[in-house]
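Data block below; observations after.
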Amino acid sequence: MAAGAAGPGPGSGPGDSPEGPEAEAPERRRKAHGMLKLYYGLSEGETAGRPPGSDPLDPTDLNGAHFDPEVYLDKLRRECPLAQLMDSETDMVRQIRALDSDMQTLVYENYNKFISATDTIRKMKNDFRKMEDEMDRLATNMAVITDFSARISATLQDRHERITKLAGVHALLRKLQFLFELPSCLTKCVELGAYGQAVRYQGRARAVLQQYQHLPSFRAIQDDCQVITARLAQQLRQRFREGGSGAPEQAECVELLLALGEPAEELCAEFLEHARGRLEAELRSLEAELGPSPPAPDVLEFTDHGGSGFVGGLCQVASAYQELFAAQGPAGAEKLAAFARELGGRYFALVERRLAQEQGSGDNSLLVRALDRFHRRLRAPGALLAAAGLAEAATEIVERVARERLGHHLQGLRAAFLGCLTDVRQALAAPRLAGKEGPGLAELLANVASSILSHIKASLAAVHLFTAKEVSFSNKPYFRGEFCSQGVREGLIVGFIRSMCQTAQSFCDSPGEKGGATPPALLLLLSRLCLDYETATISYILTLTDEQFLVQDQSPVTPVSALCAEARETARRLLTHYVKVQGLVISQMLRKSVETRDWLSTLEPRNVRAVMKRVVEDTTAIDVQVGLLYEEGVRKAQSSDSSKRTFSVYSSSRQQGRYAPSYTPSAPMDTNLLSNIQKLFSERIDVFSPVEFNKVSVLTGIIKISLKTLLECVRLRTFGRFGLQQVQVDCHFLQLYLWRFVADEELVHLLLDEVVASAALRCPDPVPMEPSVVEVICERG
Amino acid sequence: MHTRLAGPPGGLRIAGRSDGERGPGEPEGQARALTPQTAETDAIRFLVGTQSLKYDNQIHIIDFDDENNIINKNVLLHQVGEIWHISTSPADRGVLATCYNKPSDSKVLTCAAVWRMPKELEPGSHESPDDSSSTAHSLELLCHLDDTAHGSTACVTWEPTGDGKKVISLADNHILLWDLQESSGQAVLASSASLEGKGQLKFTSGRWSPHHAGTQVATASDTTVRGWDTRSMSQIYCIENAHGQLVRDLDFNPNKQYYLASCGDDCKVKFWDTRNVTEPVKTLEEHSHWVWSIRYNHSHDQLVLTGSSDSRVILSNMVSISSEPFGHLVDDDDLSDQEERRPEEKSQEPPRDGVIATYEEHEDSVYAADWSSADPWLFASLSYDGRLVINRVPRALKYHILL
């Protein structure tokens, strides 16, 4: 039975076992699949489960397509031992059973489906048969409908043609009616004042009437129409001429007239004529605002009026004109341009007159706003009428005004400077009345400087308005370049600084040299002011200007250094003049004191003369005054000798060296030699030499002038013995007090030596006073 | 050769320590009075008066030998007093006038006198064998121009074109016109006028105009310059405040009749047109102290010489207001003997107004400077310490003017 158990293939016999077909099913399926796959070339993927290298055609392959049970069994029997055969048998049986059960399950599961499919197919067969009948019926009905439709069309053909024709006739008749009614219609329109409609009607009919004018009836209509049209045109013209009714209505009239075929040239001229009338009225009202003695509204209001009235009107006229007479071509445009130019010119003249009235006022912001509006308003017609050059003219006016403003500000600054000077003069004069000394020069200087600076800043701010971004003309090339550099920087700031220097210098040249119409303190103050300008203020102001006005212009500008040099020169001249004036005051005192005294018959000196004390007092006062404004300055390094020591030098060796031998005739040669050698070693004293900017230099200058005067005056006089001694005392007194003021005290010694020596020469009986006595007298005061 | 022409030809100390030829007891001293010998047109000769209160004063006659560059000196004694001013007759070489201080105990009075110098000291005879002995010469007094009623005489000025018979002296506030008669042996007061006004008015200086047939004199007093007509002795014009301070000196332009120069204590030199006295024609401000003396060159009126107490002498070129055609270009064709200088000169611009040269040889105040009457290119200046310096106009300028 081993064979029976192992041998049977799955499909070995139909009666084998119930499992037979079940076990075969997957195998079949697989086989079928295998073939499909083979067909589609998928064999490799699908056969992955099989041991590689197995031949699908192997007849011994249980799952292979070419399985041959006989061969397989043969093979098994031949190759396998018994045990393995037994195993194979059991295994195979088990497999067969499993396959059978599987097949059974599948059949049970799908049984219902087979049944319902069979039912469906049967039902479908029934339905199709019904449908066929319905379709047949539909086809019959359609045929009937077609038949009917054809018959109806045939019947209605005739009527349709007649209706079309009738509609055509109706339209024609309506047109004809319009034509026949046209004259009355027009009349009515004219009467009602609906000119626009009348013109439209007329326009519509004109061509037709023109075309059919050979027919008498149409001819009549046309004639009527022409009459009415003529009347219409006349009325329109009438209305047009009456003016009054504003530019838009006029424009409408003109438009209608043009539509009526009136000659454009004539209309154009007439239109402009009317516009002129209106604009001239505007100009007159503007002129009235100007008036001979203006109760004038402010300039802003004026430009507003001008802008809205005249410029607005001009704009309207121009735009209407361009709209209406665009067909006129360049000739028409030229006419308009000429018109605009002429009226614009008159308007500008008025504006300029008004602006000229503004020149005096200080308020720049209002003016700039007015100019801005003026300029802005003119940009509109400017764009419309480029040919008339209104915008350029407006820009020019603005530029001119800007220039004039600059001039005005310069004047203002000058006036402010002069005002400051007047204030200073008053301040200098006032305390003297109150009996107080020292009018606070430093304070005055600070006041003047700050006041001028604030004026300059105010002016800068004021003219800066012209270049503000929001102002419409600020981006014009003039305002970007020339205005900033030549106008503001050069014209205003540099110009002012220059004029300031000139004004200051003019004090040096003033004819009042005698008494000094200018208070010396003012000279001193101005000198310091100029010096301050040189050191700091000028560069500050110019930097400020350059920053504010971003000078882009390439044109050459005055360098700071040149201005500084000018200011320094002015300061130097003023200070030199101050020295001269003060020197002169003291000189005059000394000169009077020498000239008016009778030196021959004077008494033995007991005192220092009062004038010398006065000189010392005045010098001290000057020292204080200068010290308020100028630094101390450098003294020539000297041993810290007191006046005592200098006195001894002065009164013994040197003085005696100069004049003592004059009365000891034993050694005339030596004395001359001595004095000449002394001169050889002392430097030449430049009396009115330029001064430096410090107190010591100023005082040195003044003292030099005074002492030189004393010397020259002494040389013109003849002295008695006591006269000489008095000079000696006076000089010693001066020596005691003046050395401290000067840079080089040697200078004072030298000059005073000369004075005493000259006095000795001018004395027939030179007996000098004992130095100790001189000292005592001087110390007593 | 070159240095001699460019540099100063020489300096001389009147109170000379350098020459050492003074005889014993010879006074030394200061000096302010200087004049050329006006009537002398051949020799270069200056007269200098000394100022000494203690010794006899002298008049030094300085001859300059241009050829040999030698200075020769003769001394005349002037014993009446120290000399403040000196002037020479335009007609007679031997006649001169001085203003001098009469020494007195209580009062100083300045008088004026006309003198004649010894014959042998007149030109042509100055080559006396020994110079040292010539110091003994003394002046012969011709006449006094004194009228004590009129006060101190500041200045004497001769009629420039006349026969040396008319002299004007300025005494305090009086202007006195004298007629010299009997070969100057007697002075007769012809007419006079005086300044009236508040304060102590005093004339400081005066000049007689060479124009208008010698009828005009200009005087300076305080800050005012006045013109006078000598016929009527009345004032013609008056320049009030001509200078800010005292007017020290004035001079007439020798070629332009209305032009006048003045100088003063304001360190300025001013040029006036006497027809319009409100404004000076021109003002120079080159000196640094009072200007004491101003002189036009006698032939080339663009050359103006000024001396100042800043110890400087300045020669200025005032070509724009001179009688020379201004802006005239030099015609170089005539410069044949100057070939080597031509390119240099051609490049030069026509001279402008301004300082030509500043002479700083002096060490003390220069109170007088004047041109030589014989050589128009030569001038002398005198400082208070007694030094006389003779200088020449720079040669380049001289040729520029001449050619």
Side-chain angles (χ1 to χ4, degrees), chain A residues 509-516 576 580-581 584 587-588 591 595-596 598-601 661-663 665 668-680 682 684-690 701 704-705 708-709 711-713 715-720 754 757-758 760-766, chain B residues 13 15-18 20 22 24-30 32 51-55 81-82 84 101 103-110 200 202 204 222-223 241 243-246 248 265-268 279 283 285 287-290 292 308-312 360 362-365 367 384-387:
Chain A
D509 311 326
S510 61
E513 285 167 79
K514 262 198 137 177
T576 308
K580 276 195 188 175
V581 168
L584 182 60
S587 293
Q588 294 289 17
R591 176 189 209 143
E595 280 179 357
T596 51
D598 183 0
W599 291 100
L600 276 174
S601 51
S662 316
Y663 60 91
M669 290 281 279
D670 294 351
T671 60
N672 253 316
L673 212 66
L674 215 109
S675 100
N676 279 304
I677 288 170
Q678 252 174 26
K679 280 198 174 178
L680 211 67
S682 63
R684 180 190 290 268
I685 300 166
D686 240 344
V687 180
F688 289 103
S689 59
K704 267 196 298 188
I705 292 173
K708 181 77 177 174
T709 305
L711 173 67
E712 292 297 338
C713 291
R715 284 182 175 182
L716 288 171
R717 304 285 302 183
T718 307
F719 295 85
E754 288 264 5
S758 293
L761 281 174
R762 300 296 311 148
C763 176
D765 179 25
Chain B
R13 190 167 269 277
R17 61 179 161 82
S18 51
R22 286 169 296 122
E26 178 182 331
E28 55 164 15
Q30 276 60 39
R32 335 183 143 241
Q51 265 196 324
S52 172
L53 289 164
K54 291 140 216 158
Y55 308 105
E82 55 173 2
W84 285 85
N101 264 9
S104 104
D105 286 340
S106 60
K107 219 176 144 198
V108 179
L109 193 63
T110 313
Q200 248 193 327
K202 261 187 188 171
T204 51
D222 198 18
T223 62
N241 284 324
H243 285 267
Q245 300 171 51
L246 198 69
R248 289 281 171 194
D265 286 1
D266 56 0
C267 312
K268 287 177 185 166
E279 280 288 313
T283 301
E285 201 171 354
H287 284 290
S288 69
H289 203 246
W290 306 350
W292 287 75
S308 155
S309 41
D310 64 2
S311 320
R312 291 193 179 94
E360 309 205 350
H362 292 289
E363 282 159 2
D364 207 334
S365 303
Y367 296 125
Y384 189 61
D385 57 6
R387 175 178 289 190

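None of the values given here were measured: they were computed from a predicted structure. Numbered from 1 within each chain, the chains take letters A, B, ... in sequence-line order.
- Q30(B) CD to R762(A) CZ: the interatomic distance, rounded to the nearest 0.5 Å, is 8.5 Å.
- Taking the side chain as every heavy atom from C-beta outward, Q245(B) and R591(A) approach each other to under 4.5 Å.
- For the pair R715(A) and R32(B), the tightest heavy-atom approach, listed with the atom from each and the gap, is O-NH2, 3.3 Å.
- Only the side chain of E285(B) comes within contact range of chain A, with at least one heavy atom under 4.5 Å from a heavy atom of that chain.
- For chain B, the option among L716(A), T709(A), T718(A) with the highest count of heavy-atom pairs below 4.5 Å is L716(A).
- Distance check, rounded to the nearest 0.5 Å: CG of L711(A) to CG of D364(B) gives 7.5 Å.
- For K708(A) against S365(B), the heavy-atom pair with the smallest separation is NZ-OG, 3.5 Å.
- W290(B) and E712(A) make their closest contact through CZ3-CB, 3.3 Å (heavy atoms, listed as atom of the first residue, atom of the second, distance).
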